[in-house]
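One structure is given below, encoded as C-alpha cells.
All ligand and atom numbering here is 1-based and tracks the order in the structure.
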Amino acid sequence: MGERDMGSQVEICPSILPADFSRLGEELKMLEAAGADRIHWDVMDGNFVPNLTIGPDVVTSCRKSVEIPFEAHLMVEDPDLLAPMYIEAGCDLIMLHVESTKHLDRSLNRILELGAKAGVTLNPATPVDNIKHVLHLVDQVLIMSVNPGFGGQKYLPSQETKIEKVKSWILEQGSEIDIEVDGGISASTIAQATCAGANVFVAGSAIFSHSDGPQTAIAELRETAVSGK
Ligand code: DX5
Ligand code: ZN
C-alpha cells in the first residue's frame, strides 16, 4: 500500500441515510459536534436507484441546525430539474451522476451558474474516462465504492484504480479537485482508499453504528486516513 499524498485535506462526511429521520436536525447537530466536516445528503428518487429518501424541503428545514457545508449526492433521473432546488435549500455542493444526464457539461455549468460548487459521480461500472472532459468544471469527483441505493454495503476495492487514475489527472493538471469515495468506508477500508488518492470520505454505517459513538468513529476514520494505514 502506497503513502497518502499529504497535499489534500482529509474530510469526513457522514451520510444522513442511517440517521433518525424523525429528529434530523438534532442528528445533524450531533454530527457537527462529533467533528463532521460536511453533511452528505443522499437524495434518491426511487427511479435512478431503488430507494426513496428526502426532498429539498427537508434540507431547507435542517439548514439552520448546523454551520457545516451541505453536499447533495443526487441519485435521481432528472438532476437538471432537482439540482436548483437543492441549491436553493442550502446545499453548497451538488454531485451529479454521469449516468443520469445526457449533457453532463451543460448540467454542471447550470450548477456553477447558480453559484454552487459542482461534483461528478461515477457508479462502479462506469469508466473513469467518462469524466475526463469535465474535470475543469468540477470541485470534486465522487467515486462510488458500492452500487448506489443503500447503506451498509461492502466496499469495492476494484474502484481504487479509478481513484488512482483521477488522482494522476489532478496532479498532472495541478488542480485542486477533491476525490471523494462513498460506500462501505470504515476504519478497515479508508486507508486503502486514501492511499489510492482519495481525500474526502462519506460514511454512514461506520459512523452511526460505531460502539463508541460518532465522535470516536469520525476521529478514527480521520486518523486512519491521515496516516494511510
Ligand atoms: C449509497 C449512498 C452512500 C451510503 C453510504 O447509495 O450514496 O452515501 O449511504 O453508507 P455506508 O457508509 O453505510 O456504505
Ligand atoms: Zn452518497
Q: Report, rounded to 10°, the angle at the Zn ion (ligand 2) between the two atoms ND1 (His73) and OD1 (Asp42).
A: 90°
(Q) Donor-acceptor pair, distance only, cut-off 3.5 Å: does the side chain of Lys162 make one with the backbone of Pro124? (A) yes
Q. Between Ser100 and Leu96, is there a donor-acceptor pair closer than 3.5 Å when you use the side chain of the first and the backbone of the second?
A. no
(Q) Regarding Arg222 and Asp37, does a basic nitrogen lie under 4.0 Å from an acidic carboxylate oxygen? (A) yes
Q: Using heavy atoms and a cut-off under 4.0 Å, could you grab the residues that are in contact with ligand 1, chain by chain, numbers ascending?
A: Ser15, Leu17, His40, Asp42, Met44, His73, Met75, Met144, Pro148, Gly149, Phe150, Gly151, Gly152, Asp182, Gly183, Gly184, Val202, Ala203, Gly204, Ser205
**Q.** Nearest-0.5 Å distance, CD of residue Glu113 to CZ of residue Arg106
**A.** 10.5 Å
Q) What does the angle at the Zn ion (ligand 2) come to, between atom OD2 of Asp182 and atom NE2 of His40, rounded to 10°? A) 100°
Q) Is it true that Arg38 and Asp178 have a side-chain N and a carboxylate O under 4.0 angstrom from each other? A) yes
Q | side chain to side chain donor-acceptor pair (under 3.5 Å) evaluation trace for Thr53 with Asp42 | A | CA-CA 7 Å; Thr53 57; Asp42 277 317; over 6 Å; no
(Q) Under a 3.5 Å distance rule, please check whether Asn51 uses its side chain to pair with a backbone N or O of Gly149 as donor and acceptor. (A) yes
